[in-house]
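Keep in mind that the numbers below use all heavy atoms, side chains included, and drop hydrogens, waters and symmetry copies.
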Amino acid sequence: MEEVDEVKAMAERGLFEEALQRAWEIEDRALRVEAVIEVARAAVKLKPDLSRKALEKASQWMEGVKDPHTRAILLSKMAFVYHLLGDSNTDLFDEALNAVFSIDDRLELGSVLSVVAYYMAVSGLPDEAYQVFNDAFDVIMEAEVDYRTKLDTIIEMAGLIEGAGDELPPGDAIRFYEMAYDIFDKLRINTDAVRVEKKMNLAKTLRNHGTPELRRLLLEGKFVHAVNAVEKKLRGRPDLFLALLEIALWMKKIKNPGYLDVLDRAMSKLQKLGELDAETIEKSAVVLTEMGELKKALEFTMRIKDTEKRDQALAAIALKLAEDGFYEGARKVAYAIKDMNLKKAVMDEITVMEGEKNG
């Protein structure tokens, strides 16, 4: 592995040609393939053609890698780099899974499946990865080994699931975090469970604009950097307002008083942005509602000219308030709905939610 690390370090410094030359010299075929893949990965943005040529060479040498464990992981890494290049990678994952299932040892099989699932998740195949993680869990639980060994492998898998969530957009990240949290919580590994729960809540809060990079900044407490990054990325776009609102909401949830400054910043940006579409207004109104800014939320909703869409937005706000336990506020919002049938349905739903909470 020292040889691979040496090649990787050279590639990360931009010495791609030199790194490839060093990789060619590695005698162990599997390590040589891994080293070449690392060069390809590092060269994706600066020299995509070199990256593809490196992968083609790695693919040729892969034929000599017979160990199914090693082969499956190398194929998964190759597939990931092809994903970074924007190329198709499903055939490589199919090949990786075929290699994995020739492993007889159940614990080893489950462990390798977890690694393959991680690379599938970060390579644009979250649905397939989620299923493979589930399969890996079942396989590990079936392994006839001592409890401690099995537990260590499950914890390792949960870490990969969490890691996958870290690299995914909010909608996909949430379910991976839920899976990881469930494992850590059931095993009573409280520190890990608390960490994943925080990541999960952040992804839910930044459901519309919570890129992995932005979530990392917020988890690190780099709020100014986060705001600047969003403003740079979304400059002049109407959804900048919603993105700033989501940051403000997260800051309020973690009791950072600076959320008021971000909220003010969002409101000031609003004056310079173009007309917001109905969907953005609705989402913004819901975020403002969660933030406790009910007056602003309702003012926003009333901007929607289409009566049907405005009623739908009011319904969404009312149900969100009820979901969070603010039943009287929910009823006040629902009362503003013009469509009598929808108003009754929302009122009834609020009553049901209140009853379930108190029951």
Heavy atoms of other groups near Glu213 CD, more than 12 under 6.0 Å: yes
Trace of the side-chain contact (heavy atoms from CB on, under 4.5 Å) decision for Met62 with Leu75: CA-CA 8 Å; Met62 185 77 77; Leu75 285 166; 4.0 Å; yes
Donor on one side chain, acceptor on other, Asn201 and Glu197, under 3.5 Å: no
Side chain Ser51, main chain Ala40, donor-acceptor under 3.5 Å: yes
Inter-residue atom distance Leu288.CG - Leu263.CG, 0.5 Å rounding: 7.0 Å
Lys/Arg-Asp/Glu bridge criterion (N-O < 4.0 Å) met for Asp192, Arg195: yes
Chi angles and distances behind the salt bridge (Lys or Arg N to Asp or Glu O under 4.0 Å) call for Arg207, Glu246: CA-CA 8 Å; Arg207 188 178 292 272; Glu246 289 183 335; over 6 Å; no
Heavy-atom side-chain proximity of Arg71 to Glu95 below 4.5 angstrom: yes
Check: Tyr130/Asp172 side-chain N/O donor and acceptor closer than 3.5 Å: no
side-chain contact (heavy atoms from CB on, under 4.5 Å) evaluation trace for Asp239 with Asn208: CA-CA 9 Å; Asp239 48 354; Asn208 298 290; over 6 Å; no
Side chain proximity check, Pro68 to Phe101, heavy atoms < 4.5 angstrom: no
Nearest atoms (heavy-atom pairs only) where Val33 meets Ala58: CG2-O, 3.9 Å
Parallel, tilted or perpendicular: ring planes of Phe80 versus Tyr119, cut at 30 and 60 degrees: tilted
Arg175 bridged to Asp127 by N-O distance under 4.0 Å: yes
Heavy-atom closest contact (Ala243 atom, Val230 atom, distance): CB-CG1, 3.6 Å
Nearest-0.5 Å distance, NZ of residue Lys204 to CG of residue Leu249: 13.5 Å
Whether Ser76 side chain and Ala72 backbone form a donor-acceptor pair below 3.5 Å: yes
Closest contact, heavy atoms only, Leu168 versus Ala121: CD2-O, 3.1 Å
Atom CD of Glu142: over 12 foreign heavy atoms under 6.0 Å: yes
Electrostatic pair Lys320-Glu290, nearest N-O below 4.0 angstrom: yes
CG-CD distance between Asp5 and Glu34, expressed to the nearest 0.5 angstrom: 8.5 Å
SB check Glu328 Lys332 (cutoff 4.0 Å): no
Expected output: side-chain Thr70 to main-chain Asp67 donor-acceptor under 3.5 Å: no
Gap between atom CE of Met340 and atom CG of Asp311 - 0.5 Å precision: 10.5 Å
Basic-acidic side-chain contact under 4.0 Å: Glu299, Lys296: no
Donor-acceptor pair, side chain of Ser111 and main chain of Leu107, under 3.5 angstrom: no
Nearest non-hydrogen partners of Val44 and Leu84, listed with the distance: CG1-O, 3.7 Å
Pair Glu354 + Arg331, salt bridge at N-O below 4.0 Å: yes
Crowding at CZ, Phe326 (>12 non-hydrogen neighbours, <6.0 Å): no
Donor-acceptor pair, side chain of Lys66 and main chain of Glu63, under 3.5 angstrom: yes
Value rounded to 0.5 Å, distance of CD1 in Ile37 from OH in Tyr82: 9.5 Å
Pair Asn256-Phe223, side-chain contact (heavy atoms from CB on, under 4.5 Å): steps then yes or no: CA-CA 10 Å; Asn256 186 308; Phe223 305 114; 3.1 Å; yes
Over 12 foreign heavy atoms within 6.0 Å of CD, Glu18: yes
Step-by-step salt bridge (Lys or Arg N to Asp or Glu O under 4.0 Å) determination, Lys309 to Glu282: CA-CA 9 Å; Lys309 289 182 178 179; Glu282 180 181 342; over 6 Å; no
Distance-only side-chain donor-acceptor flag, Thr149 / Asp146, under 3.5 Å: yes
Neighbour count above 12 (heavy atom, 6.0 Å) for Lys253 NZ: yes
Val194 with Phe184, same ILVMFWY side-chain cluster at under 4.5 Å: no
Donor-acceptor pair, side chain of Lys252 and main chain of Met291, under 3.5 angstrom: yes
CG-CD1 distance between Leu242 and Ile281, expressed to the nearest 0.5 angstrom: 11.5 Å
CA sep, side-chain torsions, deciding dist, call: Phe16, Leu46, side-chain contact (heavy atoms from CB on, under 4.5 Å): CA-CA 10 Å; Phe16 304 125; Leu46 295 176; 4.1 Å; yes
Any Glu12 side-chain heavy atom under 4.5 Å of Glu38 side chain: no
Taking every non-hydrogen atom, the tightest pair across Ala164 and Phe176: CB-CD2, 4.3 Å
Residues Asp348 and Lys344 bridged, charged N to O under 4.0 Å: yes
Arg32 charged N/C atom sitting above Trp61 aromatic ring, 6.0 Å / 45°: yes
pair Leu206-Trp250: side-chain heavy atoms closer than 4.5 Å: yes
Ionic contact status for Asp87 with Arg52, cut-off 4.0 Å: yes
Joint hydrophobic cluster, Val224 plus Met251, side-chain heavy atoms closer than 4.5 Å: no
Closest contact, heavy atoms only, Ile337 versus Lys343: O-CE, 2.7 Å
Contact check, side chains of Tyr118 and Glu167, non-hydrogen atoms, under 4.5 Å: yes
Residues Glu144, Arg106: salt bridge by 4.0 Å N-O rule: no
Side-chain (Lys150) to main-chain (Met141) donor-acceptor, under 3.5 angstrom: yes
Audit row: Arg310, Asp306, salt bridge (Lys or Arg N to Asp or Glu O under 4.0 Å) steps and yes/no: CA-CA 6 Å; Arg310 184 168 63 244; Asp306 186 299; over 6 Å; no
Pairwise side-chain contact, Leu202 with Ile254, heavy-atom cut-off 4.5 Å (strictly under): no
Side chains of Met179 and Asn134 in contact at under 4.5 Å (non-hydrogen atoms): yes
Expected output: side-chain Asp185 to main-chain Ala193 donor-acceptor under 3.5 Å: no
Side-chain heavy-atom pair Leu109, Ile140 within 4.5 angstrom cut-off: no
Co-membership, hydrophobic cluster, residues Leu245 and Leu298, 4.5 Å side-chain: no
